> 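I am attaching a structure below and will ask some questions about it afterwards.
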Amino acid sequence: MTDHPTLAFEVNGEARECNASPEMRLLDCLRYDFGLTGSKEGCGEGECGACTVLLDGQPVLSCLVPVGQCAGRRVETVEAIAEKDPELVERMTETGGIQCGACTPGIVVTLYSLRQANPEASREEIRRALAGNLCRCTGYEGIFRALEDGHG
Amino acid sequence: MYRWGGCSKLAELTYIGTSPPRPDGPAKASGLSQYADDVAVAGLWFGETVRSPVAHGRLRSVGWRRAAPPGAVLVTAADLPGPNGVQLIDDGWPILAEGTVEHVGQAVALVAAPSRRAAVLAAAEVEVDIEELPPVFDLSEARRQPSLYELELGLGDPEAVLDQAETVVEGEYRTGHQEHIYIECQGMTARWHPSGPRVEVSGSMQCPYYVHKSMVHAFGLPEEAVRVRADAIGGGFGGKEDYPSLIAIHAALLARAVERPVRIVYDRQQDIIGTTKRHPATMRYRSAVDAEGRLLALDVLVELDGGAFTTLSKVVLSRALLHAAGPYRCPEVRVRGRVLRTHTAPNGAFRGFGAPQVAFGIERHMDAIGRRLGIDPLTLRQRNALVPGDRLPTGQIVDESTSALACLESVARRTDFVTRWTEYQAAQTETNGTPQRGLGLSLYFHGAGFTGNGERRMNSPASARLTPEGRIAVLSAMTDMGQGAVIVFRQIAGEAAGVTFDDLEFPEPDTNEVPNSGPTVASRTTMIVGQLVARAVREVSAQVADWWGEQQPAASPYTVKDGRVVGQDGRSTPFAAVARSYLEVHDALEVTVRHQPAPGPVFDETTYQGPAYPTYAWGADIAEVEVDPDTLAVRPLRMAVAAEVGRAIHPRLCIGQIEGGTLQAVGWGLLEEIKLDQGRYLNDRLATYIIPTAMDAPDLDVELLEAAFPDGPFGAKGIGELPMDGGAPAVVAAIENATGLVVDEIPATPERLFAAQMRERSDD
């Protein structure tokens, strides 16, 4: 167990260390070592997007990222992103963008990233950004509205 | 786009018809909600399931291949403390295979180990020795075996009419498996206690009391010895109605064996392989019609593939038959159906519960009638649609809220349907390489609440009681799997009791805390249990107000409004303060109410005559699609949906139900397919079982219509399943309008469209 090298990286603004195998999935490290269970596993193979986190500011699927690749880098999970963007949380709640909530953390991370890059994204651009985040409850309309309803 | 112009908030109501934010929204969006695999448990072990690799065989032995891996524990059917059956409608579904295996993926043994990885490795060390037997996959072969269930219902003598009729239209329509793909896979944690409730399970489930009942049955324990709690639920759609009972028993068996808490969480592949699906259906329709396309007689045969075990197939078949004639007037009807047994995983509950299959059947059949007679889909449906006072094949007279024509009007108006449908039809032959567009219409209805006398039999209770803080605690077993009961019940209770949301508490579903108000299924939560909630809190609130009035010097009537107890002179006191005073002189105040079926005729379960449902919700869809003439890829562009919902308690969430259900139906109609090879799923991952993404979803334009149902809370009907019925036939009809290709089997994949094109060319 402890013969693995210590991996140091930043998670939600804090310096963290992990002694697991560098092949461990970032998702498992976040959920089971650090207790950050906001990132969800919906498929384990990069199809559903429920485990989306930011790695150096870019959205990645944490079920496909070996934790070894995170050494020295900056990871942000939904727990931190929701705090940084309470308006997005509020809009998702109010526009019907949330039903069961299992896809929601990944969608919040993706939409946050889209809002940073393109605050006035069109529906087509929102669709494209969300192409890797499956939602089975909403038909996506409520999620689109979370961004569209905010447009002047 | 969305609209609820038709459902204005009534002036005298405070909460009903408004859309307050759901209280669990911020926690869900922040990743703080605790789902089954998120809950931290000290000393937790993990369970894995060893499954049958073959579809049918004699189970000769199961055991460790070599020495048991250190620390790992194996449980087989030999270790069961009680009957080897999951108690649902019957207990024919084995907890663990014994004697034979009946489908690929059937649970044969369980292992537990101290870590997830150790459990996976240990499961690979279990050897299952099976002598293969010939399996049955094909429905034509299954027909020669005894059915799991058979049912028949009807009205009049359709055969006589069909024999004499000038125009008889026949067709066969087929629908495939559908997997729920709730984003959170199944998961359950079990632990045994030395005292108190002996065994406790918590996890992802729609129906805590279903799990409770099956645990009591499997372990032979008294009811009070079993405690079941629901964690946050990451989607259900029926998939967490039946299956959680099995996984709860599995987790509890392991926890009992290792004397530690044990969690079983399926990964996606196991979830697809192991869990129940929507029943595939083959439907044969034969109808006699007059020259205007009016139905004179209808003969329907519905066959469902039940898979290897019964689960809930009997009631799925029942609902299918009761919806098979569609929302149409027909004087002579016979509907027969059976559930056939195959060596595939058992099929079970999935949103719509048999109705989406027959909605596809009858809607395709109506299009076949229109095609034969040259009548457009809207006119044909307007001529046949049920109106208040019409009779269903059960003899039930449909009530004043029957809204089929209003739904048709809503979608036709928004799409200019007949004009554009006619233009698209004329353009079918102009295949100059550009995408072809088409419009398709569907009309549907959905019986709200349990079928037949289910509610009468269950006689479900819900309770309300005053808490020491002076709030009203509302006690029901209903879960929120995303649909929004968590806010809708607050609105109903707040409105009924005259209190604010701050005056209300809603304990989590926990069989130790809440009464058995029945399962969270069948679109019954708002309509049936919502009404119980309204009655219970109204009674508590009224008793508090009456008592307060009696305490006043000049005794006068008091009412509760906006969280205050108000006298006739207008002076008021906060409800919570009055409630606390009440509890200073009374021990407690708790009111339990039970479901009261409306007076009038009772459904006859032997003849299938009478009111099968207390009311129906109504819907119509118009889909617009674009078909690539070279690849035959179909893109659904937009859909207009009209849904008559009784009364929308929370219009935003109500629309969310309609939007989400519509996309599930479109996915089922166009994309979603389980491919089987010797009973093994070939596409058992999300990379290969395709559900609609944000790129695939059409723009949805939903209009809610209201026609109050007097026995629902504030007029609400059950609507959760309604939108599952219309999407598939609408998109397939739109493909026909675009291309002229008639597809009577879903999903309407490019491969199926190509086959239809080849058939058409060989017919020419």
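All values below come from the heavy atoms of this structure, side chains included, with hydrogens, waters and symmetry mates left out. Proteins get letters first, then strands, A, B, ... in listed order; numbering begins at 1 in each. Owing to the predicted nature of the structure, the values given are computational and were not obtained by experimental measurement.
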> Which atoms of B:Gln657 are under 4.5 Å from chain A, going by heavy atoms: the side chain, the backbone, both sets, or neither?
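Both parts, backbone and side chain.
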> Will you find, in the side chains of B:Asp696 and A:Tyr140, an N or O donor that is under 3.5 Å from an N or O acceptor?
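There is no such pair (donor and acceptor under 3.5 Å, judged by atom type) between the side chains of B:Asp696 and A:Tyr140.
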> Heavy-atom cut-off 4.5 Å, strictly under: side chain, backbone, both or neither for B:Ile181 against chain A?
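Interface part for B:Ile181: both.
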> Do A:Glu79 and B:Leu32 make a side-chain contact, defined as non-hydrogen atoms from C-beta onward lying under 4.5 Å apart?
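Side-chain contact under 4.5 Å: yes.
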> Do B:Cys185 and A:Lys40 touch side chain to side chain, with heavy atoms closer than 4.5 Å?
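B:Cys185 vs A:Lys40: side chains apart.
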> Given that the side chain runs from C-beta out, which part of B:Ile183 has a heavy atom under 4.5 Å from chain A: side chain, backbone, both or neither?
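Both backbone and side chain of B:Ile183 come within 4.5 Å of chain A.
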> Quick check for you: among A:Gly35, A:Cys100, A:Gly139, A:Gly38, which has the greatest number of heavy-atom pairs under 4.5 Å with chain B?
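Result: the option with the highest number of such pairs is A:Cys100.
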> Is there any side-chain hydrogen bond (donor to acceptor under 3.5 Å, both in side chains) pair reaching into residues 43-53 of chain A, and which pairs are they, with sequence neighbours excluded?
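Pairs touching residues 43-53 of chain A that pass the test: A:Glu45-B:Arg685.
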> Just how far is it from atom CZ of B:Arg116 to atom CG of A:Asp28, taken to the nearest 0.5 Å?
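With rounding to 0.5 Å, CZ (B:Arg116) is 7.5 Å from CG (A:Asp28).
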> Which residues pass the side-chain contact (heavy atoms from CB on, under 4.5 Å) test with B:Ala728, sequence neighbours left out?
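If we apply the side-chain contact (heavy atoms from CB on, under 4.5 Å) test to B:Ala728, skipping adjacent residues, the hits are B:Phe360, B:Trp668, B:Ile746.
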> Measuring from atom CG of B:Asp267 to atom CD of A:Glu41, what distance do you get when rounded to the nearest 0.5 angstrom?
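The CG atom of B:Asp267 sits 7.0 Å away from the CD atom of A:Glu41.
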> If I measure from the heavy atoms of chain A, does B:Ser30 come under 4.5 Å with its side chain, its backbone, both, or neither?
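For B:Ser30, heavy atoms of backbone and side chain both lie under 4.5 Å from chain A.
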> Which bit of B:Ala40 is near chain A, if near means a heavy-atom gap under 4.5 Å: side chain, backbone, both or neither?
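Neither part; nothing is under 4.5 Å.
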> In Å, rounded to the nearest 0.5 Å, how long is the span from CG of B:Asp38 to CG of A:Leu36?
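Reported to 0.5 Å precision, the distance equals 11.0 Å.
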> Side chain from CB out, backbone as N, CA, C, O: work out which of these in B:Pro698 comes under 4.5 Å of a heavy atom of chain A, or both, or neither.
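When you check distances to chain A, only backbone atoms of B:Pro698 fall under 4.5 Å.
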> Would you mind checking which part of B:His650 comes under 4.5 Å of any heavy atom in chain A, side chain (CB onward), backbone (N, CA, C, O), both or neither?
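For B:His650, there is no contact with chain A at all, as no heavy atom is under 4.5 Å.
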> Can you tell which of B:Ile658, B:Leu663, B:Leu686 has the highest number of heavy-atom pairs within less than 4.5 Å of chain A?
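Result: the option with the highest number of such pairs is B:Leu686.
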> With a 4.5 angstrom heavy-atom cut-off, which part of B:Asp37 approaches chain A: side chain, backbone, both or neither?
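Answer is both: backbone and side chain atoms of B:Asp37 are under 4.5 Å from chain A.
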> Ignoring hydrogens and geometry, is there a side-chain-to-backbone donor-acceptor pair from A:Arg127 to B:Ala697 under 3.5 Å?
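Confirmed, A:Arg127 side chain pairs with B:Ala697 backbone.
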